[in-house]
Amino acid sequence: MVHRSTVLKPRVLLFALLLLASLGDARLPRTRRLSADTVEETYDKYYSYVDLTARLQSLAQKYSHIANVSSIGRSVEGRELWVVRVTIDPNADSPGKPKFKYVGNMHGDETVSRQVLVYLVEYLLTKYGEDPRITELVNTTDIYIMPSMNPDGFEKSREGDCSGDSGGRSNARNMDLNRSFPDQYDGTTARREDIPEVMAVIRWIQEKKFVLSGNLHGGTVVASYPFDDSASHQRQGRYSPSEDDTLFRYLALVYSQNHPVMKTGQPNCPDAQEETFKDGITNGAQWYDVSGGMQDYNYLYGNCLEITMELSCCKYPPAAELRNEWDLNRESLLAYMEQVHIGVRGYVTEATSGAALTNVSIIVAGIRHNLTTGKYGDYYRLLLPGTYNITAVAPGYISMTFYSVQVTEGEATELNFTLAPVPSAATGHNTPTFSTPSTTSNPLITTTTSSSPDSSQTRMVPSTGNKNSPPLLPPEDQAIQPQEFRHHNYADMELFLRNYNSEFPSIAHLYSIGRSVEDRELYVMAISGNPTVHDHGEPEFKYVANMHGNEVVGRELLLNLIEYLCRNYGTDPEVTQLINNTRIHIMPSMNPDGYEAAIEGDVRSYKGRNNSNNFDLNRNFPDQFFTITEPRQPETIAVMNWLKSIPFVLSANLHGGSLVVNYPYDDDKEGTIQYSQSPDDKVFQQVSRAYSQENPLMHNGHPCEDLYPDEYFVDGVTNGANWYNVPGGMQDWNYLNTNCFEVTIELGCVKYPMAKDLPKYWEQNRRALLQFIHQVHTGIKGTVSDSRDGTGIPNATISVVEIDHNISTAHTGDYWRLLVPDTYTITASAHGYIPVTIYASVSKDRVEVVDFRLTRLHSDPGQSQKGPQPTQNPSEKEFQSLIKDLSLGPGLEQLVKSTATENSFRYRRYKELSAFLRGLTLNFPKITSLHTLGQSVEFRTIWALEISNKPREAESSEPKIRFVAGIHGNAPVGTELLLEFAAFLCINYGKNPVITRLINETRIVIVPSINPDGREQAVEKQCTSTQGLTNAHGKDLDTDFFGNASQRVAEAQPETRAMMDLILEKGYTLSVALDGGSLVATYPYDKPVQSVENEGTLKYLAGVYANNHPKMHLGTTACSSNGQMGNIPDGVIRAAERQSHMGSMKDFSVDFGHCPEITVYTGCCLFPPAEQLATLWAENKAALLSMLLEVHKGVRGVVRDRSGQPIVGAIVVLNGGVRVFSMEGGYFHALLAPGSHSIEAVADGYQQQRQEVMVSSFEAAISIIIELDMDNSIFGLPREFVVASAAASMTALVVTACIIWCVCAAKSNHQKDGFHRLRQHRDDYEDEIRLTSMGSKKSLLAHEFQDESESEEETLYANKI
């Protein structure tokens, strides 16, 4: 305290002096005065996250005309990743200004950059309008500055820690962010959920298309440039140059030579005094190898050149040194930013309309590194002074080249390209045309157009000034052709694919979609500018070959194609534009087992055709007309799952045995040979001819005259069923079950030709293979987005009038719809949105962009136009965002991958199960609570485990979900899955933020074994045995749940009674029961009923589980053990259609517990070997987690009166049928299928209220408030009218009574003399009354057994309706 007071007094005096000075100068103008809440920079302290946030927001508010602040994402611990944008009109995105960025504090304990970038922001803002240099820079540049990429690490670091011992370098998941980007040699090594900071920056880079960037670090003083690693990963001393190595050296020198210390090359760092850098720069890999660095990612994948600047020897120097660090770096920071304006810049536009062309490749001859145009057709290509040949390439356009472009020092040369559409063959000619392109640096440029068989290109050459001299034409481009032709067995093919994956990591990515019967990988090579992920707006294309193992030409052609694409990328314009604008997936062999059995030279035999189980894979897919009874093969299942996971647009299946392109449909309902037309028959004919007409033999239509002399195909194409019927074919399944259009291409008459003949097959098909890929860029494409926030809408439907085939949008709202040239009426629709219909004209050989912006049906989701609006705190909004992220795209899949737990699966008998549950409560006491529901016949306890952040407290505002298993003791898989699920949740609580949040927001009740007695009797490895199915009394418990006593013929079993009591607790939002013996999800009812209330929601919930199961959603289980054969659409069926019976648990849950319950059958075998449990867990893990997400959807809210008091026990009626009840606090929650729903609330003494809500499949529950007015009606009439009428009636009654009394009083004297006669006959009178009353007893007995079964709740609802 003494020390603090001694410091305080001088500060008070200093403040007083400053205050007087400021008052004295109040009349003087100031050019650098900050707002009242913005403190003048002192350069003597570090900003915490809170301070940094306030500082940036204050600056952005003060200088809002040239700055704004926004977040690009959040760190692991939820801190915002702030970015300040500095430019003219910072809230708009306008063309003409190159985008520049600085990123600091990537390593949390390297802190100088964090402060220096804040100082830079303030310097730019305060000097704007005052300093001409700064004004020019801000006016002409779009500047983005991120002071801290790792705010979590910074908070952990400690001032004065020069070597980083405090541990703040990495993020909160202990991930080094500068080792976590996709690497050109190692690919992606970090899990996305562990590096949210990196994922946010990647999205930012991809979205903005930055031109130049700097990444600021600490630990020495040097500027480092790409590449940061090499293929050998030699630790030090290996120079790894990029294609722009000279340019990078120049850029690094710009920074170093303007830094007084860095330019010396001698940092003199205490811990490495011998370390020097010539001119203060170094190649990253030569210094030391860094795999997964950000600067390499920017260059290879982001259109952006980036270097890394190390600013200080001490990573976290004392704050007193900050002023000096700012002075050392200020000029370097500014000079480096100015380099964004060197080289060549311009626009690429369409010749006929003048429209901007996006994603056009800008190719500089001699530099194998291209960039692409932005959304305004603008590009900025940094180049050093010199002479260059520059080409613009776009699909469907004649490429244009400027030759001998002079780039001078200073401002960029402007070079604008105008691309003309490729002319049709009928109008093509070789006549030169001349024009003057727009250029500011070299106006004397003319154009000539030349045609070649392979490409059309406009070539720009400088004029010599002599009009008689011919234009200077460069030599024709020569594509690199495959050099080696041979048959590749599996091992050879695998090495080939791995080699190209390693040699071309920036454009090639090898992955497997599954394994064959004999455990061979089903390899796929993805080739694209960003091959590992789906880029928004980029179509997905695939080739599949060798489906029949002895048809091998396609296998070899696809290996040739991989070589051709990889080796010609960057030099051949056609290949370059295809790869830059398409994600091409190539599967050389779908049937590697069959190939190994086939024999070279086979012309037409069947050896090796089928897979190792001897099934024809092209007869193994579900069929629209016939039931395929053969068991689904692993190769088929793998392909079906693959097609469901990627939004493929176009595909070809390569076969052999003829020479023709065969298109859908492959069969018809009669099974006869006749034309079977699909709704898109014209499209299929167009894409088929695109291939056949490029094959010099195929289009003639006479494929195999020696083998099949009578076969003829017009133009070399045919409808499948018109050739011969193929039920269960892959191409039809593609078209009917996905967005993908697929054809089957027969490549030659000989199935397994000799190796010496392979070169001719390549020559005949190479142009056709490329031309077919081009077809994916025809028709229309676009994005369906929400008009309110611009986010993409997944699973929206794109329909075309008069074409009975819809396609749906991908996860980010993008779509592609193949169409032939014509004008169409196209509609985009989605649940909860108003459909939008527009007209679109489709031209040949190019794709038309048609975007849709849909408006929600209600201005506020879930709310009608009247009534109170619920308020949301930031935590609720964050949780809603989490639910949406997990429901869309790969969110759930990433969660599954990031939460793997060590486990040793085995079956547990009752004692071990009980001990396991007790162990969970002992190890995780804060989130678990174990309850006993009752005992079985043999006195075994039926356990219920609750998992929640407050397991012993009732929280009616949280949804409550029930997982149950073991109702049949002979099917114990569900029991083991739920035990593992419970352990999985507990172990990941507090470690995985998603699991932690889900547990905090949900009450989870797990009943692993309802029938422990039956489980003790069951025998392992018995797939069909009924031993253990019933309880100890021989009763099937799933036929013992009856709510009405009149339906029950015997007392409920103790196990049944225990579960009924649990179900009747109410408050449950969803229940999931696990059983065995099939592979299907069922929904109520088990009892035979004509209709099911709320069937859409019940079926939807079962579908959610099935869709997240890798096999179930395919609907083709073929359980021969129980007679389940053929197709079950989407793997979902109403329970009664599977096996109808009374007294089921799910029916009781729906009817009496008012909780939807689905039953999931986890596999064909009732009691499989324990070795299979790990696989079963892997198959069901995502589906079980999806139920935790689903329970947070639908509609939730509060029922209250006008005073705000909650109404408990109100009936909430869904769509006029299903009812739920408000709980403590008036809360209610109901699950509903996506779409529009009616919600009614009814309570005794209140007026009925109704609202309309829209429910989404991927958003958290709609929140509503229902306020009820007091019911002022009596007998359906207004209360005031009834009261007045009653008062009038009472008055009339009193008056009448008075009149009667007066009349009676007047007559009383006349009646007295006769009264004695009445008394004389009293005994006779009483006898008469007694006899009369005996006759009335029959009428009393007639009402004794009147039906009064209708509940009070039903009576109330009936009266209200």
Does the side chain of [X] reach to within under 4.5 Å of the side chain of [Y], using non-hydrogen atoms?
| X | Y | value |
| --- | --- | --- |
| Glu980 | Lys1181 | no |
| Asp667 | Pro727 | yes |
| Asn613 | Gln633 | yes |

Partner of Asn653 by side chain to side chain contact (heavy atoms under 4.5 Å, CB included), out of Val743, Asn734, Asn618, Ile745: Asn618
Do the charged groups of [X] and [Y] touch, with an N to O distance under 4.0 Å?
| X | Y | value |
| --- | --- | --- |
| Arg619 | Glu630 | no |
| Lys751 | Asp602 | no |
| Arg766 | Glu694 | no |

Ring-face cation of Arg583 near Phe541 (centre distance under 6.0 Å, axis angle within 45°): no
Stacked cation flag Lys669 on Phe625, 6.0 angstrom / 45 deg: no
Does the ring centre of [Y] sit less than 6.0 Å away from the ring centre of [X]?
| X | Y | value |
| --- | --- | --- |
| Tyr543 | His585 | no |
| Tyr595 | Tyr490 | no |
| Phe485 | Tyr761 | no |
| His774 | Phe772 | no |
| His1109 | Trp1177 | no |

ring-ring contact (aromatic ring centres under 6.0 Å, His included) contacts in which one or both residues fall within residues 547-567, not counting sequence neighbours: His548-His655, Tyr564-Trp762
Tyr606 OH: over 12 foreign heavy atoms closer than 6.0 Å: no
Audit row: Glu976, Arg906, salt bridge (Lys or Arg N to Asp or Glu O under 4.0 Å) steps and yes/no: CA-CA 8 Å; Glu976 300 306 324; Arg906 64 185 182 279; over 6 Å; no
Short side-chain donor-acceptor distance under 3.5 Å, Ser516 and Glu518: no
Any side-chain donor near an acceptor of the partner, Asp668 and Tyr675, under 3.5 Å: no
Shortest non-hydrogen contact between Ser589 and Arg555, atoms and distance: OG-NH1, 3.1 Å
SG-SG under 2.5 Å, Cys1023 vs Cys1164: no
Qualifying side chain to side chain donor-acceptor pair (under 3.5 Å) pairs with a residue from residues 491-501, counting only residues at least two apart or across chains: Arg486-Asp492, Glu494-Tyr523, Tyr500-Arg567
